[in-house]
Amino acid sequence: MNTNHRNGEVRIGFYICHCGHNIAGMVDCPAVAHYIAKLPGVVVSRDYKYMCSDPGQELIQQDIREHQLNRVVVASCSPLLHEHTFRNAVAAGGLNPFYFQMVNIREHDSWVCTDRGEATAKAKSLSHAAVCRVRFHRALETTRVPIHPDVLVVGGGIAGIHAALTLGNAGKKVYLVERDPSIGGHMAQFDKTFPTLDCAACILTPKMSAVRAHENITLWSYSEVVKVSGYVGNYTVTVKRKPRYVNEELCVGCLECIQACIYKEGKFPDEFNVGLSKRKPIYIPFPQAVPPVVVIDPERCLQVRTGKCKKTCLEACADRKAIDFTQKEELVEIKVGNIIVATGFKLFDAKRIPQYGYGLYPNVVTAIELERLVNSSGPTAGEIVLRDGRPPKSVGMILCVGSRDMKTNRWCSRTCCMHSMKLAQLVREHTDADVTVFYMDIRAPGKGCEEFYDKSLKEGIQFVRGRVAEVTDWALAPEEEGKLVIRVEDTLAGFVRRIPVDMIVLATGMEPQADAQEVRRLFNMSCGTEGWFLEKHPKLAPVSTFTDGVFIAGCCQGPKDIPDSIAQSGAAAAEAMALIDKGYIEQEPNTAYIVEADCSGCKSCIPLCPYTAISFDDAKQKAQINEALCKGCGTCVAACPSASIRQNLFEDEEIFSEIEGVLAYV
Amino acid sequence: MKYSYFPGCSLKGLGRAYEESLLPVMQHLGVELVELDDWNCCGATAYMSVDETKAAVLAARNLAIAEKAGPHDLMAPCSACYLVLNKTKHNIADFPEINAAVQRALGNANLTYSGNVPVRHPLDVLVHDVGLDAIKEKVVRPLKGLKVAPYYGCQTVRPYATFDDAWNPTTMDRLLATVGAEVVHFPLKTKCCGGSLTGTVPEAGLRLTYILLKEAVRRGADVIATACPLCQFNLDAYQDQINRRWGPARIATVYFTQLMGLAFGLSPKQLGLKRNFVPMKPLPAEPATV
Amino acid sequence: MSDPKWQPRIVAFFCNWCTYTAADLAGVSRLKHASNARVIRLMCSGRVDPQFILDALAKGADGVLIGGCHLGDCHYGEGNYKTLRRFQMLQRLLRDMGIEDQRVRLEWISASEGERVKTVINDMVEQIRALGPLNLPQRRQDWDREMTPLAEAAGESESAEQRAEPEAAHA
């Protein structure tokens, strides 16, 4: 049939792309073009090397003009990659872009087939299907969805902070929601950062203060996102503000209340110092916390738990009256157009590798614990000491703890080699201990990082290439008595060594946050197989997700260092800004619509729509669809018993013809 | 609870103290052990190194007999037998050639093997089937004040660690704690004792034994508890030689079942404790009862 | 008996956000698999009308595969639950017709599960290869053979009823 009863004579242009060798290496493209040329309605059938290139696109445009094509089919890569490209090319050629259909013969065919004959047969049948389908296409217009200019940034680590500042500086209103009582994230716990050995606090705290002072940023710390509904440009988000029992507006951060607490000294593990010191139930996470407001731990504070306390903290704050035990959890609803998720990472639990003795031997610490020891505002005021207070004379650093490991995590955590060398240099600086780094490979790819490795070698840090088998406390020789012994195969020297040290530092790897699965469902995102949030495309779209208007940045997308986190967060902010400044987003016209005459008013469709786009018109006794709310899933279309609901771009006749076409070539 | 019981050569020979203590302890707990009729040597580590297929056939005969004996799990207390029987099960399941040879050979003896008999270690049975609570109830003389270093050896955890953690097994630790003993922290609990090397290359094998003895003493243990006849023998029988060659280290090594028996109030003689080369020190005096 | 050159033909309806993307990932990762599945892209597995499945079988497919997001992960919230319900109803119908379960299959495959796309397709092709072609013409003959005596028996009892109670027939 080369006529479409609605659209008159159909004139189809078919193009099969070689994609260099990617498709042509397995599919006989000229043969496919030859086969398609014989199908009714096909006026032009060509094969070409790179259809997505300028000349390729011009070929289509030329043919539209010269051959009066009113349908175009391109058989090449995945539509997820280039459908947009070709639709634009068709539009530029003067034809409505929705008269276009794409055939995936690369990702679904040439790249997964091992037999030329089978691959070519598959290409023929898939192309045949598209040619049948495209007959039924109609001219459609994209709809525009306005974009609310406000942005939500979830996560107040360096990535979230940078995104908030970038957007705030561009004049956009930003909500920055952070679940801990202070922003700063993991970076706030670092001492010096590689490769420049900048002080982390010195470069971070100005940014943290800027967030607080910024007129366009609303900082909600000690808060969590609990509900997200809507779609790109129009998100409604519910944020739970947890009660600090301290009024943020009134507290000036004098810390008198902490002094006055009935607990004379700290009793509970201090989270910021990763349990190396203790804090009271009323505390401030760290001195430079933003907001500089005290917080009361509801699970540890006597007053909150039992109601029976002298409340010496209240007395201490008599003039400001900032402490308020009547505070309750608050749910706030906001409307934003875009969301940037920058929720960061968690560290591997070293107890999962019992061979290394973490938790068993007191002088086995993790890298972050050493980081706190080294830091001058840490639990030992910057003194690197063993648990008994003595400085170590020898330190062993074990890399890849929970990374590159078939038994725990397969990936490389990217930052630990540099992080460990930095700590090694700091240990040498603070003490004159011998430091030996046990590695499988040293990865130092960033700017200045290889040079940092050289510097480490020059400073006399020893490197032993071998995966440490175990850390043990039994001595074979007198010099091992009282020390921890590292047993490792030195693969460069070629034999097994026992190396006694005073202190062992485990470079624990990065992992997705424990609640990554819940969080990603909240924002309608996916996670990759390893649990990191899934980007839209690993190379071309690393900060976008499959949900328009939701972006990811920083370590929640995968392990990375500070420069890369900032780069990604800037990228995410730019993507959001692009949408906001344009003011609208063009939606695929794949919405459902009702042919009123056919609707019997059975109401089967009404409860099916997750966007409540379908309602019932009592006067007419017919269902009706609000096109602005419809997202184009097609569930109601499949359900309608009288087929009176149709879907643009996915009409029944289009699908049926595709089925027929796909089975036509044997 | 009923189990088929495979003693293996050692429990009838050098390791008879293991059987002498295991049987009364199991009986005391109401666990019925039925010795396999006409069992044969499992081949241990030796035969497997020589001919894997024939070794599988030899071991599989026991599995076939066990299958015929009834639907009960098979308990193999000797760690080597335990490992060999399990390895044989794996080999038969994973390698069709071995399976074919085994079925053929068994066929000649009118036996079949379908792969369904679980092979269990007494530590597994005691902790997971009998349960620590039931064991605690039978304790009449808690081993209070007795410091024990739990030594598992390698074969119950390598290459398969089915009932306990491969790196840090705790079934014996928990069992000993249940009978009142003070369990000493012993990170060498799965480190090789030297195995057969103590006989063939003593310089290497006995050195490994020495390390275990030395550390147990250093950590204040009064006695080492083992679950394997060869470990027990290595640790027990060569201490004079070891002391001469490497250094002082004198400590008794017993089977964990012997300690359990003592806690149940059974007599040392009945439990085979007289068979030790290095005798166990008497138990600490019972705390005075009011 | 089937033609020795016969290859199973499977029509696959994949949802754009999860399974289609996973199939792309399989391609990008060069995970070679059987070429018998022809993918038709839909936005959501909820768009799969049971008529599509029956039409595919009627037009010569030996099997139909539907791929969607894991339950709870549908890009549109709940579409895949509807697919599941419809599939279970359809499966009962197909069983009544004597069409083997392995021929119409519903799989949840997420965007990062390229490996699963490969295993599911390979697996399904092998299962259908073992079952042989759907061979609808033969089945239609079988159904006719089944129906004719049933229809005759029904006809007899109906006329017997009419003879017994001529009034009741027009209630």
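Letters go in sequence order (proteins before strands), and every chain restarts at 1. Side chains are part of it too, since the values below use all heavy atoms of this structure and drop only hydrogens, waters and symmetry mates.
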Let me know if A:E588 has heavy atoms under 4.5 Å from chain C in its side chain, its backbone, both or neither. neither
Do side-chain atoms of A:K122 reach the backbone of C:A37 as a donor and acceptor pair under 3.5 angstrom? yes
Calculate, to the nearest 0.5 Å, the distance between atoms CZ and CG belonging to A:F650 and C:N16 respectively. 7.0 Å
How many angstroms lie between atom NE2 of A:H108 and atom OG of C:S35, to the nearest 0.5 angstrom? 13.5 Å
Hey, could you give me the CG/NE2 distance between C:D24 and A:H537, rounded to the nearest 0.5 Å? 9.0 Å
Heavy-atom distance under 4.5 Å to chain C: side chain of A:R106, backbone, both or neither? neither
Pick whichever of A:N524, A:N590, A:D109, A:L649 has the most heavy-atom pairs under 4.5 Å with chain C. A:N524
Show every donor-acceptor pair shorter than 3.5 Å between a side-chain atom in residues 626-635 of chain A and any protein atom, with sequence neighbours excluded, or say none if there are none.
unit_1	atom_1	unit_2	atom_2	d
A:N626	OD1	A:A628	N	3.0
A:E627	OE2	A:T591	OG1	3.4

Any residue of residues 81-92 of chain C which, by heavy atoms, sits under 4.5 Å from chain A: C:K82, C:R85, C:R86
Is the shortest side-chain N to carboxylate O distance from C:R38 to A:E658 below 4.0 Å? no
Which region of C:Q51, side chain (C-beta onward) or backbone (N, CA, C, O), has a non-hydrogen atom less than 4.5 Å from a non-hydrogen atom of chain A, or is it both or neither? both
Where does C:V48 contact chain A at under 4.5 Å (heavy atoms): side chain, backbone, both or neither? backbone
Pair A:D652 + C:R47: basic N to acidic O under 4.0 Å: yes
